[in-house]
Amino acid sequence: MTSAVSTPTDRFDTEVLGLHWIPLTASDEDTAAVLCERLGIDFSRPHDSIWETGDFVYLPVMATYLRGDAVRRETVVFALGGDFVVTAYSAEPFAPFDRAVAEMGRRPALAGSPHGVLYALLRSLTEAAEAVLGHARAESDTLARDTDTTADGSDRPLEIRDLRAALVRMDAVEDAVTRVRDTQRDLIRAGRRLRAEHDGRTGDLDSAIGDLLADIADVRARADAEHDRIRYLQHALLLRVEMQHARVVKILALSAALVSLGILALCYLVVLG
């Protein structure tokens, strides 16, 4: 299917963007039915790998992004064809794509083809995942500082409940970083397929896709390093919980022994009296 409209690429226009990008939310059943009938687009397949049907290749990405301070996860499926890229996700608004629209506003040529639109969308998901990684790093730094027994200038150990609360928070940080790693895996796969589908049609976009793949790999490498660091902090916290628990058990045992001796002494005095 070939568009009969000549697409200007020297300025950004939302109508021009609409010629190549069709956002589809899960609740929009009418649009989904039209796309299926006219273009053969079908998102019903499980989203665990890339697949092809008709004129479209489907690229699933598990997106990870921040909404406020909360880490969100959303499966986005891109259906890339010769004239359109269709994005299927749960509901609007989807904040990461605002970044893509902003980039296409700065670089209007991207809106002139489905490959350029998909490049901008994938870049927005990369930046969103990178923001989650930065948030996770800040949280792990805070936890490492707060659980340092010398952070307040004293040697007073933290209570077990405090250490356990820190472990719960650290588990949440590890989960966020794991999500970033999963997202980067999907993005690398989608970016490579985009590069293959684009196949050097325009040198500028081909170079940009290469840079995007390098950025995705960089975020993945930093996520891997941060995951290792968090696992180390978790292990250290677990050891401290065990040490504190053993200390409490020892104190309780000693207290019980002293109480027993006190009772025996009292009984002895009663007998003597």
Side-chain angles (χ1 to χ4, degrees), residues 1-3 5 7 9 16-24 35-36 38-65 74-89 94 96-97 99-101 103-104 106-130 179-224:
M1 179 175 180
T2 303
S3 173
V5 180
T7 305
T9 59
V16 171
L17 177 58
L19 293 174
H20 298 289
W21 181 25
I22 304 174
L24 177 66
L35 290 174
C36 182
R38 296 185 180 181
L39 301 177
I41 293 178
D42 181 10
F43 290 103
S44 62
R45 181 168 168 169
H47 305 152
D48 54 359
S49 62
I50 293 175
W51 76 95
E52 298 180 40
T53 59
D55 298 328
F56 289 86
V57 56
Y58 296 80
L59 311 170
V61 174
M62 180 63 73
T64 304
Y65 62 99
E74 167 85 25
T75 298
V76 181
V77 182
F78 303 92
L80 176 64
D83 294 292
F84 301 101
V85 58
V86 183
T87 52
Y89 48 99
F94 186 62
F97 284 169
R99 296 169 179 256
V101 173
E103 180 172 11
M104 285 183 277
R106 296 189 303 270
R107 303 171 60 186
L110 292 175
S113 73
H115 301 97
V117 172
L118 180 54
Y119 159 84
L121 297 175
L122 294 180
R123 175 163 289 284
S124 73
L125 295 185
T126 302
E127 293 173 353
E130 187 172 19
R179 293 183 180 190
V180 171
R181 296 170 77 193
D182 292 343
T183 294
Q184 299 315 104
R185 176 203 61 210
D186 290 350
L187 285 170
I188 288 174
R189 184 173 56 187
R192 287 173 177 168
R193 188 56 184 262
L194 170 60
R195 182 171 58 185
E197 294 293 322
H198 180 255
D199 196 24
R201 297 181 187 184
T202 58
D204 290 344
L205 183 56
D206 207 45
S207 175
I209 294 171
D211 293 340
L212 172 61
L213 285 169
D215 290 343
I216 294 171
D218 176 69
V219 175
R220 174 61 190 262
R222 286 189 284 129
D224 287 343

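Excluded from the calculations below are hydrogen atoms, water molecules and symmetry mates; all remaining heavy atoms, backbone and side chain alike, are included.
- The closest side-chain heavy-atom distance from Asp48 to Pro60 is not below 4.5 Å.
- Atom SG of residue Cys36 and atom CD1 of residue Ile41 lie 9.0 Å apart, to the nearest 0.5 angstrom.
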**Q.** Verdict with supporting geometry, Leu59 and Val77, side chain to side chain contact (heavy atoms under 4.5 Å, CB included)
**A.** CA-CA 6 Å; Leu59 311 170; Val77 182; over 6 Å; no
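- Using a cutoff of 4.0 Å between basic side-chain nitrogens and carboxylate oxygens, Arg193 and Glu52 are scored as salt-bridged.
- The CD1 atom of Ile216 sits 6.5 Å away from the CD1 atom of Ile188 when rounded to the nearest 0.5 Å.
- Within the 4.5 Å cutoff, the side chain of Leu24 has heavy atoms near those of the Phe43 side chain.
- Applying side-chain contact (heavy atoms from CB on, under 4.5 Å) to His115 and the options Val85, Leu205, Ile209, Asp206 leaves one that passes, Leu205.
- The aromatic rings of Tyr58 and Phe56 sit tilted relative to each other, their planes meeting at an angle between 30° and 60°.
- With a 4.5 Å cut-off on side-chain heavy atoms, Phe94 and Pro23 do not count as touching.
- In this structure, Glu127 CD and Leu212 CG are separated by 9.0 Å, a value rounded to the nearest 0.5 Å.
- Between Leu121 atom CG and Phe78 atom CZ the span is 5.5 Å, to the nearest 0.5 Å.
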(Q) Before you tell me yes or no, could you show the steps for Thr183 and Arg185 under side chain to side chain contact (heavy atoms under 4.5 Å, CB included), namely the whole-Å CA-CA distance, both residues' side-chain angles and the distance that decides it to 0.1 Å? (A) CA-CA 5 Å; Thr183 294; Arg185 176 203 61 210; over 6 Å; no
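- The two residues Ala100 and Ser124 have their closest heavy-atom pair at N-CB, 3.7 Å.
- One distance of note links CZ of Arg123 with CG of Leu110; it measures 10.0 Å at 0.5 Å rounding.
- Under the 3.5 Å distance criterion, the side-chain polar atoms of Asp186 are matched with a main-chain donor or acceptor of Met62.
- Screening Asp215, Leu122, Asp182 against Leu187 for a side-chain contact (heavy atoms from CB on, under 4.5 Å) leaves a single residue, Leu122.
- Note that CZ of Arg179 and CD of Gln184 are 14.5 Å apart. Values are rounded to the nearest 0.5 Å.
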(Q) For a side chain to side chain contact (heavy atoms under 4.5 Å, CB included) check, start with the C-alpha distance between Thr87 and Ile22, then their side-chain angles and the critical distance, and finish with the verdict. (A) CA-CA 6 Å; Thr87 52; Ile22 304 174; over 6 Å; no
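- No donor-acceptor distance shorter than 3.5 angstrom exists from the side chain of His20 to the backbone of Phe84, with no hydrogens or angles considered.
- Counting heavy atoms from C-beta on, the side chains of Asp55 and Leu39 never come closer than 4.5 Å.
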(Q) Does Trp21 form a side chain to side chain contact (heavy atoms under 4.5 Å, CB included) with Leu118? I'd like the steps, not just the answer. (A) CA-CA 8 Å; Trp21 181 25; Leu118 180 54; over 6 Å; no
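- The number of heavy atoms from other shown groups lying within 6.0 Å of CZ (Arg192) does not exceed 12.
- Glu103 has no carboxylate O lying under 4.0 Å from a charged side-chain N of Arg99, or vice versa, which leaves the two without a salt bridge.
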